[in-house]
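Written out below as structure tokens is the structure these notes cover.
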Number of protein chains: 2
Amino acid sequence: MDSAINKQTPLMTQQKILSATLMLFSKKGYFNTSVRDIAHESGVSIGSIYHHFKDKEAIASAVYSNLVERMLAEITQIQSKHIRTSSRCRAIIAFLFDITEQEPEVMEFMLYSKHREFLPEEPPVCSSKPFELMREIVKDGMLANEIQSMDLMVASSCLFGAALRMITSRLDGVIEKPLPTYLEAIWTPSWRAVSTQTL
Amino acid sequence: MDSAINKQTPLMTQQKILSATLMLFSKKGYFNTSVRDIAHESGVSIGSIYHHFKDKEAIASAVYSNLVERMLAEITQIQSKHIRTSSRCRAIIAFLFDITEQEPEVMEFMLYSKHREFLPEEPPVCSSKPFELMREIVKDGMLANEIQSMDLMVASSCLFGAALRMITSRLDGVIEKPLPTYLEAIWTPSWRAVSTQTL
DNA sequence: AATACTAGAACGAACGCTCGTTCTAGTCAA
DNA sequence: TTGACTAGAACGAGCGTTCGTTCTAGTATT
């Protein structure tokens, strides 16, 4: 029981299913992707897919919560590595820009798909934990007097709205250069918008 | 022909179909709305629907281009009524906030649905005419030295990103108060982000 | 070591249902 | 009577899902 036997299959199969699903969903969307497509793309049979997941929605749900958890972990780490609010928020935007370039499917699926259409249970993205944490960070920034005191939602939108807009534009193919190119250009005015300091 | 007879049906039927469709699409999404649903909601029969529109996609396309055209007209008018860039942009945000409250379906459909999934031909929203016009206005603002000179996409994202984020948050039900309440709160930092003047 | 047994992972043909679309019949104004 | 319009039954394709089965590996028994 306690021996280190390598069972090759139980989690690996799930992973294959999940990553194929993320790819297909971000490329074609939930409704244009059939379970057969997932089977074909992942190399896992339909029967096996249904052995591991209750139904198509459960696959989507697993993909989604994996990504949310990963985002949360990353942002939590950023929070602990930086002290000043400005460094924290800047690092968050840098992270979001990087991941948009390296794994566009992730961002595509997180920001750009209407989860409510196929995950009726799930709350909207912007009330998910990572977004809540971002607002938490902004709130701390106000308490520390780094950010002007104002409505929390307003401040968060001002700080991250521009970056998020750049991300969706990039995913739409409206921006040609990689996002990290624009990090400074976006960060300076974003921070200027809410900072207590007049630059 | 030129008499004032009220033919009840020719355009009215199309309008009934289009407005029922907008309502259903924004509530349940394209794929969760069947043509039968549209028939039932609009009070127009399936046969009649297919008499007026080639297929389901054509209905979606008509809804979409109607909205885009309407937006464009509105923004064009704003452009001509205001001279300074700041007034123009502020008025655009005010308009977007108003329409979000009065006809949330419109904004829901324009901003929040993944058109590429069901309108493969259509370019993404942010390269549609209204958005282009908004960028045009920003560009003029830079030439007039009202807005700091920087990448056009960056400036537009900074100016409108926060407002757009507020809109999607409101549509998601994360914000309880009507958007126009926040107009000043959003506008001040948004403008501060890109203005040439240090406030 | 050889055998019998068990658990669960993998498989894909088949099912039933819903969808978009077509078809045929009917209505009404000119 | 004609032609634009309406109606809803009928059709067939494609979907998500189920099910009976086979395959694989680990375990217990001899």
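A note on names: the letters A, B, ... follow the listed sequences, proteins ahead of strands, and every chain is numbered from 1.
- When all heavy atoms of A/E146 and A/S86 are compared, the closest pair comes out as OE1-N, 3.5 Å.
- Comment: B/R70 engages B/E103 in a salt bridge, judged by a side-chain N to carboxylate O separation of less than 4.0 angstrom.
- One finds no side-chain N or O of A/S34 lying less than 4.0 angstrom from the OP1 or OP2 phosphate oxygen of D/dG14.
- We find that CE of B/M12 is positioned 14 Å from P of D/dC5, with the value rounded to whole Å.
- For the pair A/E108 and B/R116, the salt-bridge criterion is met [side-chain N within less than 4.0 Å of a carboxylate O].
- For the pair A/H51 and C/dA9, the criterion of a side-chain N or O lying under 4.0 Å from OP1 or OP2 is met.
- Picking from C/dA9, D/dA7, D/dG16 the nucleotide with the shortest atom distance to the side chain of B/S45 gives D/dA7.
- Put simply, A/T13 has no side-chain N or O that comes within less than 4.0 Å of OP1 or OP2 on C/dA9.
- Within the 4.0 Å cut-off from OP1 or OP2 of C/dA10, at least one side-chain nitrogen or oxygen of A/H52 is found.
- Minimum heavy-atom separation, A/L18 to A/F53: CD2-CZ, 3.8 Å.
- Residues that satisfy the ring-ring contact (aromatic ring centres under 6.0 Å, His included) test with B/F109, not counting sequence neighbours, are B/H115.
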Report, one pair per line, the protein and nucleotides 21-25 of chain C atoms (nitrogen or oxygen only) whose separation is under 3.5 Å.
from	atom 1	to	atom 2	distance (Å)
C/dT21	OP2	B/Y50	OH	2.7
C/dT21	OP2	B/K56	N	2.8
C/dT21	O5'	B/Y50	OH	3.4

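- Taking every heavy atom of residues 21-33 of chain B and every atom of DNA chain C, pairs under 4.0 Å involve B/T33, by number.
- One can place CD1 of A/I49 at 14 Å from P of D/dT18, the figure rounded to the nearest angstrom.
- The closest side-chain donor-acceptor pair between B/S169 and B/D172, if any, does not fall under 3.5 angstrom.
- Protein atom CZ of A/F53 is 11 Å distant from nucleotide atom P of C/dA10, rounded to whole Å.
- Around CD1 of B/I83, the count of heavy atoms belonging to other residues, nucleotides or ligands within 6.0 Å does not exceed 12.
- Cluster annotation: B/M12 and B/M23 are assigned to distinct hydrophobic clusters (Ile/Leu/Val/Met/Phe/Trp/Tyr, side-chain heavy-atom contacts under 4.5 Å, transitive).
- Annotation for A/E101 and A/L179: closest pair OE2-N, 2.8 Å, computed over non-hydrogen atoms.
- Every residue meeting the side chain to side chain contact (heavy atoms under 4.5 Å, CB included) condition with A/A60, not counting sequence neighbours, appears here in chain and number order: A/F25, A/Y30, A/F118, A/L119.
- End-to-end axis angle of the helix from C/dA1-D/dT30 to C/dA30-D/dT1, from C1' rotation axes over five pairs per end: 10° (rounded to 10 degrees).
- Counting only residues at least two apart or in different chains, side chain to side chain donor-acceptor pair (under 3.5 Å) contacts with residues 124-139 of chain A are absent.
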